[in-house]
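Here is the structure we will look at, set down as C-alpha coordinates.
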There are 2 protein chains.
Amino acid sequence: MFTLSEENYLKAIYHLESDSKKGISTNAIAKSLETKASSVTDMVKKLSEKEVVLYKKYQGVTLTEFGKKTAANIVRKHRLWEVFLVEKLNFSWDEVHDVAEQLEHIKSPKLINQLDALLGFPTHDPHGDPIPDKEGNVNIVDKILLSTLNKGESGVCVGVNDSSSEFLRFLDKKKITLGKIITVLEKEDFDDSLSIEIDGEKLSISKKIANNLYIKK
Amino acid sequence: MFTLSEENYLKAIYHLESDSKKGISTNAIAKSLETKASSVTDMVKKLSEKEVVLYKKYQGVTLTEFGKKTAANIVRKHRLWEVFLVEKLNFSWDEVHDVAEQLEHIKSPKLINQLDALLGFPTHDPHGDPIPDKEGNVNIVDKILLSTLNKGESGVCVGVNDSSSEFLRFLDKKKITLGKIITVLEKEDFDDSLSIEIDGEKLSISKKIANNLYIKK
DNA sequence: CAATATTTTTAGACTTGTCTAAAAATTTAT
DNA sequence: ATAAATTTTTAGACAAGTCTAAAAATATTG
Ligand SMILES: [Mn+2]
Ligand SMILES: [Mn+2]
Ligand SMILES: [Mn+2]
Ligand SMILES: [Mn+2]
(Lines give C-alpha, C1' and ligand atoms only; values in the text may rest on other atoms or scores of the structure.)
(Ligands and ions follow the chains in the order given, each with its own letter.)
Protein backbone atom coordinates (compact mmCIF):
# COMPACT_ATOMS: atom_id res chain seq x y z
CA MET A 1 0.00 0.00 0.00
CA PHE A 2 1.11 3.52 -0.71
CA THR A 3 0.58 6.70 1.26
CA LEU A 4 -1.20 9.69 -0.22
CA SER A 5 2.11 11.41 -0.66
CA GLU A 6 3.74 8.43 -2.34
CA GLU A 7 0.78 8.18 -4.70
CA ASN A 8 1.13 11.81 -5.68
CA TYR A 9 4.82 11.36 -6.44
CA LEU A 10 4.10 8.28 -8.53
CA LYS A 11 1.44 10.09 -10.51
CA ALA A 12 3.73 13.07 -11.12
CA ILE A 13 6.53 10.83 -12.35
CA TYR A 14 4.07 8.93 -14.55
CA HIS A 15 2.88 12.12 -16.24
CA LEU A 16 6.41 13.46 -16.66
CA GLU A 17 7.57 10.17 -18.19
CA SER A 18 4.81 10.20 -20.78
CA ASP A 19 6.17 13.54 -21.99
CA SER A 20 9.90 13.08 -21.88
CA LYS A 21 10.80 9.37 -22.10
CA LYS A 22 14.14 10.00 -20.27
CA GLY A 23 14.93 9.60 -16.59
CA ILE A 24 12.92 12.17 -14.70
CA SER A 25 14.96 14.77 -12.82
CA THR A 26 14.52 15.62 -9.18
CA ASN A 27 13.90 19.21 -10.17
CA ALA A 28 11.17 18.36 -12.66
CA ILE A 29 9.31 16.38 -10.02
CA ALA A 30 9.78 19.16 -7.49
CA LYS A 31 8.33 21.71 -9.90
CA SER A 32 5.36 19.58 -10.80
CA LEU A 33 4.50 18.90 -7.15
CA GLU A 34 5.37 22.40 -5.96
CA THR A 35 7.82 21.06 -3.43
CA LYS A 36 11.58 21.25 -2.90
CA ALA A 37 14.19 19.15 -4.69
CA SER A 38 15.56 17.94 -1.37
CA SER A 39 12.15 16.57 -0.42
CA VAL A 40 12.00 14.78 -3.76
CA THR A 41 15.38 13.14 -3.18
CA ASP A 42 14.13 11.80 0.15
CA MET A 43 10.90 10.46 -1.29
CA VAL A 44 12.53 8.99 -4.34
CA LYS A 45 14.75 6.89 -2.10
CA LYS A 46 11.70 5.55 -0.35
CA LEU A 47 9.95 4.78 -3.64
CA SER A 48 13.07 3.03 -4.81
CA GLU A 49 13.04 0.83 -1.70
CA LYS A 50 9.43 -0.01 -2.48
CA GLU A 51 10.49 -1.01 -6.00
CA VAL A 52 8.24 1.35 -7.88
CA VAL A 53 11.08 3.45 -9.29
CA LEU A 54 14.66 2.92 -10.38
CA TYR A 55 16.94 5.51 -8.91
CA LYS A 56 20.66 6.17 -9.14
CA LYS A 57 22.07 9.30 -7.56
CA TYR A 58 22.22 12.24 -9.96
CA GLN A 59 20.61 10.14 -12.71
CA GLY A 60 16.92 10.87 -12.23
CA VAL A 61 14.22 8.21 -11.82
CA THR A 62 12.24 5.84 -14.01
CA LEU A 63 9.12 3.93 -13.05
CA THR A 64 9.40 0.15 -12.85
CA GLU A 65 6.64 -1.93 -14.44
CA PHE A 66 5.05 -2.20 -11.02
CA GLY A 67 5.36 1.55 -10.55
CA LYS A 68 3.81 2.23 -13.94
CA LYS A 69 0.87 0.01 -13.17
CA THR A 70 0.38 1.56 -9.77
CA ALA A 71 0.50 5.07 -11.20
CA ALA A 72 -1.81 4.22 -14.10
CA ASN A 73 -4.32 2.91 -11.60
CA ILE A 74 -4.35 6.22 -9.77
CA VAL A 75 -4.82 8.05 -13.07
CA ARG A 76 -7.60 5.61 -13.92
CA LYS A 77 -9.37 6.45 -10.69
CA HIS A 78 -8.84 10.18 -11.15
CA ARG A 79 -10.38 10.15 -14.62
CA LEU A 80 -13.28 7.86 -13.75
CA TRP A 81 -14.18 10.15 -10.86
CA GLU A 82 -14.03 13.14 -13.23
CA VAL A 83 -16.50 11.41 -15.55
CA PHE A 84 -18.73 10.64 -12.58
CA LEU A 85 -18.72 14.25 -11.40
CA VAL A 86 -19.66 15.54 -14.85
CA GLU A 87 -22.12 12.83 -15.87
CA LYS A 88 -23.87 12.13 -12.59
CA LEU A 89 -23.36 15.17 -10.39
CA ASN A 90 -23.65 18.03 -12.91
CA PHE A 91 -20.17 19.38 -12.39
CA SER A 92 -18.74 21.32 -15.30
CA TRP A 93 -15.41 20.22 -16.76
CA ASP A 94 -13.52 23.05 -15.10
CA GLU A 95 -14.71 22.07 -11.60
CA VAL A 96 -13.78 18.41 -11.44
CA HIS A 97 -10.02 18.29 -11.13
CA ASP A 98 -9.54 19.32 -7.49
CA VAL A 99 -12.21 16.96 -6.21
CA ALA A 100 -10.80 14.13 -8.33
CA GLU A 101 -7.37 14.81 -6.80
CA GLN A 102 -8.92 13.79 -3.49
CA LEU A 103 -11.12 10.95 -4.71
CA GLU A 104 -8.30 9.24 -6.63
CA HIS A 105 -6.77 8.14 -3.31
CA ILE A 106 -9.79 6.20 -2.06
CA LYS A 107 -8.84 2.54 -1.70
CA SER A 108 -11.52 0.08 -2.80
CA PRO A 109 -11.26 -2.05 -5.93
CA LYS A 110 -14.98 -2.81 -5.79
CA LEU A 111 -15.80 0.88 -5.61
CA ILE A 112 -13.87 1.69 -8.75
CA ASN A 113 -15.13 -1.32 -10.69
CA GLN A 114 -18.73 -0.53 -9.87
CA LEU A 115 -18.21 3.12 -10.67
CA ASP A 116 -16.77 2.10 -14.03
CA ALA A 117 -19.90 0.04 -14.69
CA LEU A 118 -22.27 2.78 -13.51
CA LEU A 119 -20.65 5.14 -16.00
CA GLY A 120 -20.89 2.61 -18.83
CA PHE A 121 -17.14 1.87 -19.04
CA PRO A 122 -16.06 5.25 -20.38
CA THR A 123 -12.83 5.41 -22.41
CA HIS A 124 -12.09 9.11 -21.95
CA ASP A 125 -12.45 11.70 -19.22
CA PRO A 126 -14.23 15.06 -19.63
CA HIS A 127 -11.04 16.65 -20.97
CA GLY A 128 -10.56 14.01 -23.64
CA ASP A 129 -7.81 12.17 -21.78
CA PRO A 130 -7.86 8.38 -22.06
CA ILE A 131 -8.83 6.25 -19.04
CA PRO A 132 -6.28 3.46 -18.41
CA ASP A 133 -7.81 -0.01 -18.13
CA LYS A 134 -7.44 -2.23 -15.05
CA GLU A 135 -4.04 -3.43 -16.24
CA GLY A 136 -2.84 0.11 -16.72
CA ASN A 137 -2.91 0.06 -20.51
CA VAL A 138 -3.81 3.27 -22.29
CA ASN A 139 -5.24 3.50 -25.77
CA ILE A 140 -3.17 6.17 -27.45
CA VAL A 141 -5.03 8.05 -30.13
CA ASP A 142 -3.39 10.03 -32.91
CA LYS A 143 -4.71 13.41 -31.89
CA ILE A 144 -2.92 16.54 -33.11
CA LEU A 145 -2.89 20.17 -32.09
CA LEU A 146 -5.34 22.46 -33.86
CA SER A 147 -2.39 24.70 -34.66
CA THR A 148 -0.92 22.00 -36.93
CA LEU A 149 -3.95 21.93 -39.24
CA ASN A 150 -3.56 23.62 -42.63
CA LYS A 151 -5.98 26.03 -44.22
CA GLY A 152 -9.04 24.19 -45.45
CA GLU A 153 -8.52 21.13 -43.23
CA SER A 154 -10.98 20.10 -40.56
CA GLY A 155 -11.34 17.61 -37.71
CA VAL A 156 -13.16 16.77 -34.51
CA CYS A 157 -12.21 18.47 -31.27
CA VAL A 158 -11.15 15.58 -28.99
CA GLY A 159 -9.20 17.07 -26.12
CA VAL A 160 -7.41 19.92 -24.39
CA ASN A 161 -3.72 20.33 -23.73
CA ASP A 162 -4.20 22.92 -20.99
CA SER A 163 -6.95 21.90 -18.61
CA SER A 164 -6.85 24.92 -16.31
CA SER A 165 -10.20 26.32 -15.23
CA GLU A 166 -9.44 29.56 -17.04
CA PHE A 167 -8.91 27.88 -20.38
CA LEU A 168 -11.89 25.54 -19.99
CA ARG A 169 -14.21 28.39 -19.08
CA PHE A 170 -12.90 30.33 -22.05
CA LEU A 171 -13.82 27.39 -24.30
CA ASP A 172 -17.28 27.23 -22.72
CA LYS A 173 -17.78 30.91 -23.48
CA LYS A 174 -16.80 30.36 -27.10
CA LYS A 175 -18.98 27.23 -27.22
CA ILE A 176 -16.02 25.05 -28.13
CA THR A 177 -16.70 21.60 -26.70
CA LEU A 178 -15.38 18.10 -27.30
CA GLY A 179 -16.98 16.34 -30.26
CA LYS A 180 -17.55 19.44 -32.35
CA ILE A 181 -16.14 19.74 -35.88
CA ILE A 182 -13.67 22.53 -36.49
CA THR A 183 -12.61 23.73 -39.95
CA VAL A 184 -9.65 26.04 -40.51
CA LEU A 185 -10.76 28.83 -42.83
CA GLU A 186 -7.65 31.00 -42.64
CA LYS A 187 -4.19 31.11 -41.03
CA GLU A 188 -2.78 34.57 -40.39
CA ASP A 189 0.95 34.69 -40.96
CA PHE A 190 1.95 37.61 -38.76
CA ASP A 191 0.43 36.38 -35.45
CA ASP A 192 -0.39 32.72 -36.28
CA SER A 193 -4.03 33.29 -35.36
CA LEU A 194 -6.67 31.12 -36.99
CA SER A 195 -10.04 31.78 -38.46
CA ILE A 196 -12.13 28.69 -37.87
CA GLU A 197 -15.66 27.48 -38.48
CA ILE A 198 -17.52 25.71 -35.69
CA ASP A 199 -21.29 25.05 -35.49
CA GLY A 200 -21.62 26.93 -38.78
CA GLU A 201 -20.22 30.04 -37.07
CA LYS A 202 -16.99 31.83 -37.93
CA LEU A 203 -14.57 32.40 -35.05
CA SER A 204 -11.13 33.92 -34.64
CA ILE A 205 -8.71 32.02 -32.45
CA SER A 206 -5.25 33.01 -31.17
CA LYS A 207 -2.13 30.88 -31.57
CA LYS A 208 -2.21 30.12 -27.84
CA ILE A 209 -5.71 28.67 -28.07
CA ALA A 210 -4.85 26.64 -31.16
CA ASN A 211 -1.86 25.20 -29.33
CA ASN A 212 -4.06 23.87 -26.57
CA LEU A 213 -6.82 22.14 -28.49
CA TYR A 214 -6.48 18.57 -29.74
CA ILE A 215 -8.07 17.54 -33.02
CA LYS A 216 -8.61 14.17 -34.63
CA LYS A 217 -8.65 14.27 -38.40
CA MET B 1 -10.12 23.19 8.00
CA PHE B 2 -9.50 19.98 9.91
CA THR B 3 -7.04 17.19 9.27
CA LEU B 4 -8.17 13.64 8.72
CA SER B 5 -7.09 12.77 12.23
CA GLU B 6 -8.90 15.72 13.79
CA GLU B 7 -12.05 14.77 11.90
CA ASN B 8 -11.89 11.23 13.22
CA TYR B 9 -11.53 12.46 16.80
CA LEU B 10 -14.47 14.85 16.34
CA LYS B 11 -16.64 12.08 14.97
CA ALA B 12 -15.72 9.73 17.80
CA ILE B 13 -16.54 12.36 20.43
CA TYR B 14 -19.81 13.13 18.63
CA HIS B 15 -20.91 9.50 18.74
CA LEU B 16 -19.84 9.07 22.37
CA GLU B 17 -21.73 12.22 23.39
CA SER B 18 -24.95 11.01 21.81
CA ASP B 19 -24.76 7.98 24.10
CA SER B 20 -23.63 9.41 27.40
CA LYS B 21 -24.50 13.13 27.61
CA LYS B 22 -21.63 13.71 30.12
CA GLY B 23 -18.11 14.94 29.44
CA ILE B 24 -16.33 12.33 27.35
CA SER B 25 -13.30 10.74 29.00
CA THR B 26 -9.90 10.46 27.43
CA ASN B 27 -10.08 6.70 27.88
CA ALA B 28 -13.43 6.36 26.13
CA ILE B 29 -12.10 8.24 23.10
CA ALA B 30 -8.93 6.16 23.11
CA LYS B 31 -10.92 2.94 23.14
CA SER B 32 -13.24 4.03 20.37
CA LEU B 33 -10.35 5.11 18.12
CA GLU B 34 -8.10 2.21 19.11
CA THR B 35 -5.35 4.56 20.18
CA LYS B 36 -3.64 5.43 23.47
CA ALA B 37 -4.99 7.81 26.13
CA SER B 38 -1.83 9.88 25.95
CA SER B 39 -2.39 10.49 22.24
CA VAL B 40 -5.95 11.55 22.99
CA THR B 41 -4.78 14.10 25.56
CA ASP B 42 -2.48 15.66 22.97
CA MET B 43 -5.16 15.83 20.31
CA VAL B 44 -7.82 17.09 22.65
CA LYS B 45 -5.61 20.07 23.48
CA LYS B 46 -5.33 20.86 19.81
CA LEU B 47 -9.07 20.54 19.28
CA SER B 48 -9.62 22.81 22.23
CA GLU B 49 -7.36 25.45 20.65
CA LYS B 50 -9.42 25.18 17.50
CA GLU B 51 -12.57 25.76 19.58
CA VAL B 52 -14.38 22.59 18.63
CA VAL B 53 -14.24 21.09 22.11
CA LEU B 54 -14.24 22.34 25.69
CA TYR B 55 -11.51 20.74 27.71
CA LYS B 56 -10.36 21.05 31.29
CA LYS B 57 -7.67 18.72 32.57
CA TYR B 58 -9.05 15.54 34.12
CA GLN B 59 -12.61 16.63 33.28
CA GLY B 60 -13.15 15.06 29.87
CA VAL B 61 -14.31 16.94 26.77
CA THR B 62 -17.56 18.29 25.35
CA LEU B 63 -18.17 19.45 21.80
CA THR B 64 -18.87 23.15 21.29
CA GLU B 65 -21.74 24.13 18.98
CA PHE B 66 -19.18 24.60 16.24
CA GLY B 67 -17.67 21.20 17.00
CA LYS B 68 -21.07 19.54 16.97
CA LYS B 69 -21.87 21.04 13.60
CA THR B 70 -18.51 20.02 12.18
CA ALA B 71 -18.87 16.46 13.45
CA ALA B 72 -22.47 16.15 12.25
CA ASN B 73 -21.32 17.20 8.80
CA ILE B 74 -18.79 14.38 8.70
CA VAL B 75 -21.46 11.92 9.82
CA ARG B 76 -23.76 13.36 7.14
CA LYS B 77 -21.15 12.68 4.49
CA HIS B 78 -20.45 9.20 5.82
CA ARG B 79 -24.10 8.20 5.69
CA LEU B 80 -24.81 9.78 2.31
CA TRP B 81 -21.86 7.89 0.84
CA GLU B 82 -23.20 4.67 2.38
CA VAL B 83 -26.53 5.25 0.67
CA PHE B 84 -24.73 5.93 -2.59
CA LEU B 85 -22.72 2.73 -2.36
CA VAL B 86 -25.82 0.63 -1.73
CA GLU B 87 -28.23 2.38 -4.08
CA LYS B 88 -25.96 3.18 -7.01
CA LEU B 89 -23.01 0.82 -6.80
CA ASN B 90 -24.67 -2.40 -5.62
CA PHE B 91 -22.74 -2.71 -2.39
CA SER B 92 -24.45 -4.70 0.33
CA TRP B 93 -25.01 -3.04 3.69
CA ASP B 94 -22.17 -4.93 5.33
CA GLU B 95 -19.60 -3.69 2.79
CA VAL B 96 -20.11 0.05 2.90
CA HIS B 97 -18.67 1.21 6.21
CA ASP B 98 -14.95 1.02 5.51
CA VAL B 99 -15.22 2.78 2.18
CA ALA B 100 -17.46 5.46 3.72
CA GLU B 101 -14.80 5.98 6.40
CA GLN B 102 -12.52 7.12 3.60
CA LEU B 103 -15.08 9.03 1.53
CA GLU B 104 -16.38 11.04 4.49
CA HIS B 105 -13.16 13.09 4.48
CA ILE B 106 -13.47 14.37 0.91
CA LYS B 107 -13.80 18.15 0.99
CA SER B 108 -16.28 19.60 -1.50
CA PRO B 109 -19.61 21.11 -0.52
CA LYS B 110 -20.84 20.90 -4.09
CA LEU B 111 -19.99 17.20 -4.23
CA ILE B 112 -22.04 16.37 -1.18
CA ASN B 113 -25.00 18.56 -2.17
CA GLN B 114 -25.18 17.01 -5.61
CA LEU B 115 -24.77 13.54 -4.16
CA ASP B 116 -27.67 14.27 -1.82
CA ALA B 117 -29.79 15.30 -4.81
CA LEU B 118 -28.74 12.29 -6.92
CA LEU B 119 -29.90 10.03 -4.09
CA GLY B 120 -33.22 11.86 -3.73
CA PHE B 121 -32.41 13.49 -0.38
CA PRO B 122 -32.43 10.33 1.72
CA THR B 123 -33.20 10.64 5.43
CA HIS B 124 -31.59 7.42 6.62
CA ASP B 125 -28.54 5.37 5.75
CA PRO B 126 -28.60 1.63 4.89
CA HIS B 127 -28.42 0.73 8.60
CA GLY B 128 -31.39 2.87 9.52
CA ASP B 129 -29.30 5.68 11.02
CA PRO B 130 -30.57 9.21 10.38
CA ILE B 131 -28.65 11.50 8.01
CA PRO B 132 -28.01 14.93 9.60
CA ASP B 133 -29.13 17.89 7.48
CA LYS B 134 -26.77 20.63 6.28
CA GLU B 135 -27.10 22.44 9.61
CA GLY B 136 -26.24 19.30 11.51
CA ASN B 137 -29.75 18.66 12.82
CA VAL B 138 -30.83 15.06 13.24
CA ASN B 139 -34.39 13.83 13.24
CA ILE B 140 -34.59 11.54 16.25
CA VAL B 141 -37.12 8.78 15.86
CA ASP B 142 -38.63 6.85 18.76
CA LYS B 143 -37.22 3.48 17.79
CA ILE B 144 -36.96 0.78 20.44
CA LEU B 145 -35.09 -2.49 20.75
CA LEU B 146 -36.89 -5.61 19.60
CA SER B 147 -36.09 -7.10 22.99
CA THR B 148 -38.42 -4.58 24.67
CA LEU B 149 -41.50 -5.72 22.75
CA ASN B 150 -44.02 -7.83 24.65
CA LYS B 151 -45.62 -11.03 23.48
CA GLY B 152 -48.16 -10.28 20.79
CA GLU B 153 -46.77 -6.87 19.89
CA SER B 154 -45.38 -6.05 16.47
CA GLY B 155 -43.52 -3.28 14.65
CA VAL B 156 -41.40 -2.37 11.65
CA CYS B 157 -37.71 -3.15 11.64
CA VAL B 158 -36.05 0.28 11.25
CA GLY B 159 -32.42 -0.13 12.23
CA VAL B 160 -29.53 -2.04 13.74
CA ASN B 161 -27.66 -1.36 16.94
CA ASP B 162 -24.65 -3.45 15.97
CA SER B 163 -23.59 -2.77 12.41
CA SER B 164 -20.70 -5.19 12.21
CA SER B 165 -20.39 -7.18 9.00
CA GLU B 166 -20.95 -10.39 10.95
CA PHE B 167 -24.29 -9.27 12.36
CA LEU B 168 -25.46 -7.75 9.08
CA ARG B 169 -24.64 -10.90 7.13
CA PHE B 170 -26.43 -12.94 9.77
CA LEU B 171 -29.53 -10.80 9.23
CA ASP B 172 -29.22 -11.26 5.46
CA LYS B 173 -29.11 -15.01 5.94
CA LYS B 174 -32.26 -14.90 8.07
CA LYS B 175 -33.88 -12.51 5.56
CA ILE B 176 -34.33 -9.84 8.21
CA THR B 177 -34.14 -6.49 6.43
CA LEU B 178 -35.20 -2.93 7.22
CA GLY B 179 -38.86 -2.21 6.53
CA LYS B 180 -40.13 -5.68 7.35
CA ILE B 181 -42.82 -6.21 9.97
CA ILE B 182 -41.89 -8.34 12.97
CA THR B 183 -44.39 -9.80 15.43
CA VAL B 184 -43.38 -11.32 18.75
CA LEU B 185 -45.11 -14.67 19.12
CA GLU B 186 -43.42 -15.88 22.26
CA LYS B 187 -40.82 -14.80 24.85
CA GLU B 188 -38.88 -17.57 26.53
CA ASP B 189 -38.18 -16.82 30.17
CA PHE B 190 -35.13 -18.96 30.81
CA ASP B 191 -32.90 -17.60 27.98
CA ASP B 192 -34.85 -14.48 26.88
CA SER B 193 -35.02 -15.81 23.34
CA LEU B 194 -37.90 -14.74 21.12
CA SER B 195 -40.14 -16.53 18.71
CA ILE B 196 -41.07 -14.02 16.00
CA GLU B 197 -43.03 -13.91 12.79
CA ILE B 198 -41.54 -12.22 9.75
CA ASP B 199 -42.72 -12.55 6.11
CA GLY B 200 -45.32 -15.02 7.38
CA GLU B 201 -42.52 -17.29 8.60
CA LYS B 202 -41.82 -18.30 12.18
CA LEU B 203 -38.29 -17.68 13.43
CA SER B 204 -36.43 -18.16 16.70
CA ILE B 205 -34.16 -15.31 17.76
CA SER B 206 -31.63 -15.11 20.60
CA LYS B 207 -31.54 -12.36 23.21
CA LYS B 208 -28.39 -10.97 21.61
CA ILE B 209 -30.09 -10.56 18.25
CA ALA B 210 -33.16 -8.98 19.81
CA ASN B 211 -30.91 -6.49 21.59
CA ASN B 212 -29.42 -5.31 18.33
CA LEU B 213 -32.52 -4.74 16.20
CA TYR B 214 -34.49 -1.50 16.33
CA ILE B 215 -38.24 -1.52 15.90
CA LYS B 216 -40.76 1.26 15.38
CA LYS B 217 -44.21 0.46 16.74
C1' DC C 1 -10.13 8.75 56.16
C1' DA C 2 -6.25 6.62 54.50
C1' DA C 3 -4.57 3.12 51.37
C1' DT C 4 -5.06 1.28 46.92
C1' DA C 5 -6.50 1.16 42.26
C1' DT C 6 -7.57 3.56 38.16
C1' DT C 7 -7.44 7.34 35.07
C1' DT C 8 -5.19 11.11 33.06
C1' DT C 9 -1.38 13.88 32.02
C1' DT C 10 3.51 14.75 31.18
C1' DA C 11 8.06 13.83 29.39
C1' DG C 12 10.66 12.12 25.99
C1' DA C 13 11.14 9.45 21.83
C1' DC C 14 10.03 7.95 17.04
C1' DT C 15 8.10 8.20 12.08
C1' DT C 16 6.59 10.68 8.02
C1' DG C 17 7.02 14.31 5.18
C1' DT C 18 8.62 18.62 4.75
C1' DC C 19 12.05 22.64 4.82
C1' DT C 20 16.70 25.55 4.70
C1' DA C 21 21.47 25.82 4.18
C1' DA C 22 25.56 23.91 2.77
C1' DA C 23 28.34 20.44 0.30
C1' DA C 24 29.05 17.65 -3.73
C1' DA C 25 28.34 16.45 -8.46
C1' DT C 26 27.22 17.66 -13.01
C1' DT C 27 26.54 20.76 -16.84
C1' DT C 28 27.50 24.92 -19.43
C1' DA C 29 30.29 28.52 -20.95
C1' DT C 30 34.50 30.88 -21.67
C1' DA D 1 40.05 22.41 -19.99
C1' DT D 2 39.07 25.43 -16.37
C1' DA D 3 35.87 28.28 -14.28
C1' DA D 4 31.21 29.40 -13.38
C1' DA D 5 26.53 28.15 -13.06
C1' DT D 6 23.18 24.81 -12.10
C1' DT D 7 21.40 20.65 -10.23
C1' DT D 8 21.31 17.23 -6.79
C1' DT D 9 22.31 15.39 -2.46
C1' DT D 10 23.29 15.61 2.48
C1' DA D 11 22.83 17.34 7.11
C1' DG D 12 20.12 19.06 10.46
C1' DA D 13 15.72 20.96 11.91
C1' DC D 14 10.69 21.10 12.49
C1' DA D 15 5.45 19.94 12.78
C1' DA D 16 1.95 16.35 13.15
C1' DG D 17 0.61 12.39 15.18
C1' DT D 18 1.67 8.58 17.64
C1' DC D 19 3.88 5.62 21.39
C1' DT D 20 5.98 4.02 26.17
C1' DA D 21 7.07 4.87 30.78
C1' DA D 22 6.61 7.54 34.68
C1' DA D 23 4.32 11.15 37.47
C1' DA D 24 0.15 13.33 39.06
C1' DA D 25 -4.66 13.48 39.92
C1' DT D 26 -8.90 11.30 40.83
C1' DA D 27 -11.89 7.48 42.28
C1' DT D 28 -12.72 3.41 45.02
C1' DT D 29 -12.84 0.82 49.04
C1' DG D 30 -11.92 -1.21 53.55
MN1 LIG E 1 -7.84 16.09 -13.61
MN1 LIG F 1 -8.98 15.14 -16.74
MN1 LIG G 1 -20.83 3.40 8.71
MN1 LIG H 1 -24.30 3.42 8.65
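Lettering follows sequence order; numbering is per chain, from 1. Quick caveat, the model's predicted, so the values are computed rather than measured.
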Rounded to whole Å, how long is the line connecting atom [atom1] of [X] with atom [atom2] of [N]?
{"X": "B/N8", "N": "D/dA16", "atom1": "CG", "atom2": "P", "result": "17 Å"}
{"X": "B/Q59", "N": "D/dA24", "atom1": "CD", "atom2": "C1'", "result": "15 Å"}
{"X": "B/K45", "N": "C/dT9", "atom1": "NZ", "atom2": "C1'", "result": "7 Å"}
{"X": "B/D42", "N": "D/dT20", "atom1": "CG", "atom2": "P", "result": "13 Å"}
{"X": "B/L4", "N": "C/dT16", "atom1": "CG", "atom2": "C1'", "result": "15 Å"}
{"X": "A/Y55", "N": "D/dT7", "atom1": "OH", "atom2": "P", "result": "16 Å"}
{"X": "B/I24", "N": "C/dT7", "atom1": "CD1", "atom2": "P", "result": "16 Å"}

### Message
What contact category does A/T41 fall into here, base, sugar-phosphate, or nothing, at under 4.0 angstrom with non-hydrogen atoms?
### Response
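Base contact.
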Among [options], find the nucleotide with the atom closest to the side chain of [X].
{"X": "A/Y58", "options": "D/dC19, C/dA25, C/dT18", "result": "C/dA25"}
{"X": "A/T26", "options": "D/dC19, D/dT9, C/dT9", "result": "D/dT9"}
{"X": "B/N27", "options": "D/dC19, C/dT7, D/dT8", "result": "C/dT7"}
{"X": "B/A37", "options": "C/dT9, D/dT9, D/dT18", "result": "C/dT9"}
{"X": "B/K36", "options": "C/dT9, D/dT20, D/dT7", "result": "D/dT20"}

### Query
Taking the six-membered ring for Trp, is the centroid-to-centroid distance between B/H127 and B/H97 below 6.0 Å?
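Between B/H127 and B/H97, the centre distance exceeds or equals 6.0 Å.
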### Quiz item: A/S38 side-chain donor-acceptor pair to C/dT20 base, under 3.5 Å
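Looking at the base of C/dT20, it does pair with a donor or acceptor on the side chain of A/S38 (distance under 3.5 Å).
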### Task
Please evaluate the base of D/dT7 for a donor-acceptor partner in the side chain of A/S25 within a cut-off of under 3.5 Å?
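There is none.
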### Task
Determine, for B/K68 against B/E135, whether the closest basic-nitrogen to carboxylate-oxygen distance falls under 4.0 angstrom.
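Salt bridge between B/K68 and B/E135, a charged N being under 4.0 Å from a carboxylate O: no.
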### Note: B/K50-B/E6 ion pair, threshold 4.0 Å (strictly below)
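Yes, B/K50 and B/E6 are salt-bridged.
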### Task
Might you confirm whether atom NZ of B/K69 has over 12 heavy atoms from other residues, nucleotides or ligands at distances under 6.0 Å?
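No, not enclosed.
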### Query
Between the main-chain N or O of A/D94 and the side-chain N or O of A/S165, is there a donor-acceptor pair closer than 3.5 Å?
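Present.
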### Task
Give a yes/no on whether any side-chain N or O of A/T35 is located under 4.0 angstrom from OP1 or OP2 of C/dT18.
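No.
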#### Entry: Under-4.0 Å side-chain N/O to phosphate OP1/OP2 contact, A/Y9 with C/dT16
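The answer is no; no side-chain N or O of A/Y9 sits under 4.0 Å from OP1 or OP2.
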### Task
Could you check A/K57 against A/E34 and say which one's nearest nucleotide on DNA chain C is further toward the 5' end?
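Mapping each residue to its closest nucleotide by heavy atoms, the 5'-most match is A/E34.
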